[in-house]
Amino acid sequence: MAFQSPKGTYDILPGSPFLAVRDGLLAPSVRAGYAYVEAPVFEDTELFSRGVGASTDVVTKEMFTFPERGLTLRPEGTAGVVRAVVEHGLQRGQLPVKLRYAGPMFRAERPQAGRFRQFQQVGIEALGVTDPALDAEVVALAADAFTGLGLTGVRLLLTSLGDPACRPAYREELGAFLAGLDLDDATRARAALNPLRVLDDKRPEVQALLVDAPLMVDRLCPQCTAHHEGVLEGLAALGVAFEPAPRLVRGLDYYMRTTFEFVHDGLGAQSAVGGGGRYDGLSEAIGGPPLPGIGWALGIERTVLALEAEGVSVAPEAGPAVFVVPLGAAAKAWAVAFVGALRTAGVATDLAYGDRGLKGAMKAADRSGARWAVVVGDRDLEADVAQLKDLTSGEQTAVPLSELLEQLL
RNA sequence: GUGGGUGUAGCUCAGCUGGUAGAGCACCGGGUUGUGAUCCCGGUUGUCGCGGGUUCGAGCCCCGUCACUCACCCCA
């Protein structure tokens, strides 16, 4: 074969659960009033370096950038949505602004199980208010997204990352603590860049050194504490279970206060199926007005992996309800017109194309999943009837052509 | 960017100490001059990833290369 899809990309082919999973993940948010938006797939590079954080891995080594144009394929969805909100002044209307989106994201990473260079996410954002009850709603909608698809093994990790009032002091305290540890050079460099990120190091020997590390949740300012407690109350009211995750750190710099991640243990090394949090400073970081916000993004590919791991099947796309099998030239001409009429009337219909034998055509009818087969030969047309066969029971009756359409509605 | 694994039919794979390719599924046709999902019979599909080397002979051994894959890192 001459070409193949580029590294880290894949084709969605017939039979894929992609559409059902994408729409299923967003269904609870639709019911909660989150309106659909779609921002461009590429934006000014600076939107991401300023929004996501210039020191993050996502920005420093994973972006697909067109330097000569100053544009970058979006590595995540939030920055673009917030940019669109600010650009169009949506925050001047009724608050909160509740939005949902879906689409491809791009990161130039080495592919791996559940990790692609072009991957698909769905997401929601709620902007304009800091009410902790809204945080709880947002988190609950992600939890519902997974359970609504039939998943039972998704765990919610949740914490508070503090805010500009309390995080700088904590960050300094943690930095001082880390400076007293015997760490390798790479980890030390990370500590200098963002000490918080050292906390979720996977290596057991590093975790052992961190048992006595100070935790953000113990250093929250009164406002952050009150907000966090409000979120926990809201989650309790909504019946959403979670695991406190005081060491949870996310790779995007804009998160503050409520921060969470959804993980699944059946995916291989990449266990996160979704994540999000509050990003009250993001709008200002990209030159907008003060505009608090909270949101999440869920990975479609990883959700599919989770469904496979749990053995949960997703309903495939519906096929035709009626399959028409013509025998002979006159019948073929009649069938083409009849299929058109059925479709116009709103009935999903397909036709045996290609002049194959009756046996092959019936096989095609069976595979289409249609409930009804309409078999018409020239001798039926002479009698003004068609054979209507119930493919479930196998029963077949001759129906006058004048009554056929009505019977199939 | 760094490591490990794997490349044989559309898919999943077998192929003995080197002797010039196979199964299942899928697909197509027939068994039934007008009836599917079962059953029976038959058939199509391969530069054995690519290049070089060793050998009388390479799918198998050696070298290189590319691709895929898993993991580190990071994240959805």
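First the proteins, then the strands, lettered A, B, ... as listed; each starts at 1. Keep in mind that what you see is a predicted model, and the values were worked out from it rather than measured.
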Partners meeting side chain to side chain donor-acceptor pair (under 3.5 Å) with A/Glu38 (sequence neighbours left out): A/Tyr36
B/rG49 to B/rC60 separation - P atoms, rounded to the nearest Å: 8 Å
Protein-to-nucleotide contact annotation, 5' to 3' order, nucleotides 68-74 of chain B [B base; S sugar-phosphate only; - none; under 4.0 Å, heavy atom]: S-SBBBB
With A/Glu87 via salt bridge (Lys or Arg N to Asp or Glu O under 4.0 Å) - residues at least two apart: A/Arg83
Rounded distance in Å - CG (A/Leu26) to P (B/rA76): 16 Å
Euclidean distance for P, B/rC27 against B/rU38 (whole angstrom): 10 Å
Set of residues satisfying side-chain contact (heavy atoms from CB on, under 4.5 Å) with respect to A/Ser16, sequence neighbours excluded: A/Ile12, A/Phe18
Nearest-Å distance once atom P is located in both B/rC16 and B/rU8: 16 Å
Sugar-phosphate, base or nothing in reach of A/Val273, heavy atoms under 4.0 Å: sugar-phosphate
Show which side-chain atoms of residues 230-245 of chain A pair as donor or acceptor with protein atoms under 3.5 Å away, not counting sequence neighbours.
from: A/Glu243; atom 1: OE1; to: A/Arg155; atom 2: NH1; distance (Å): 3.0
from: A/Glu243; atom 1: OE2; to: A/Arg155; atom 2: NH1; distance (Å): 3.3

Base-pairing string, 5' to 3', of RNA chain B - Watson-Crick or wobble, under 3.5 Å, | interstrand: (((((((..((((.....[..)))).(((((.......))))).....(((((..]....))))))))))))....
Touch class at under 4.0 angstrom, heavy-atom based, for A/Arg107 against every strand present: base
Rounded interatomic separation in angstrom, taking CG from A/Leu156 and P from B/rA76: 15 Å
A/Leu358 CG to B/rG34 C1', straight-line distance once rounded to whole Å: 5 Å
For A/Glu310, side chain to side chain donor-acceptor pair (under 3.5 Å) partners two or more places apart: A/Thr152, A/His264
Sugar-phosphate only, base, or nothing, as touched by A/Lys359 at under 4.0 Å among non-hydrogen atoms: base
Side chain to side chain, A/Met63 and A/Leu73, heavy atoms closer than 4.5 Å: no
Whole-angstrom distance between B/rG18 and B/rC56, as gauged at atom C1': 12 Å
Under 3.5 Å donor-acceptor pairs involving side-chain atoms of residues 20-33 of chain A, not counting sequence neighbours:
none

Touch class at under 4.0 angstrom, heavy-atom based, for A/Leu327 against every strand present: base
Members of residues 378-407 of chain A that approach RNA chain B, where some heavy atom sits under 4.0 Å away: A/Arg379, A/Asp380, A/Gln387, A/Lys389, A/Leu391, A/Gly394, A/Gln396
Would you be so kind as to tabulate the donor-acceptor pairs closer than 3.5 Å made by side chains of residues 121-147 of chain A, with sequence neighbours excluded?
from: A/Glu125; atom 1: OE1; to: A/Tyr279; atom 2: OH; distance (Å): 2.5
from: A/Glu125; atom 1: OE2; to: A/Thr78; atom 2: OG1; distance (Å): 2.8
from: A/Asp131; atom 1: OD1; to: A/Ala133; atom 2: N; distance (Å): 2.8
from: A/Asp135; atom 1: OD1; to: A/Arg278; atom 2: NE; distance (Å): 3.3
from: A/Asp135; atom 1: OD1; to: A/Arg278; atom 2: NH2; distance (Å): 2.6
from: A/Asp135; atom 1: OD2; to: A/His227; atom 2: NE2; distance (Å): 2.8
from: A/Asp135; atom 1: OD2; to: A/Thr258; atom 2: OG1; distance (Å): 2.7
from: A/Asp135; atom 1: OD2; to: A/Arg278; atom 2: NE; distance (Å): 3.0
from: A/Glu137; atom 1: OE2; to: A/Tyr34; atom 2: OH; distance (Å): 2.6
from: A/Glu137; atom 1: OE2; to: A/Lys98; atom 2: NZ; distance (Å): 2.9
from: A/Thr147; atom 1: OG1; to: A/Ala143; atom 2: O; distance (Å): 3.2
from: A/Thr147; atom 1: OG1; to: A/Asp144; atom 2: O; distance (Å): 3.3

By side-chain contact (heavy atoms from CB on, under 4.5 Å) - contacts of A/Pro168 (at least two apart): none
Pairs satisfying side chain to side chain donor-acceptor pair (under 3.5 Å), at least one member in residues 159-181 of chain A, at least two apart: A/Asp163-A/Arg257, A/Glu173-A/Arg219
Exercise: do A/Asp390 and A/Gln396 side chains pair donor with acceptor under 3.5 Å: no
Between B/rU20 and B/rG57 - C1' atom distance, rounded Å: 8 Å
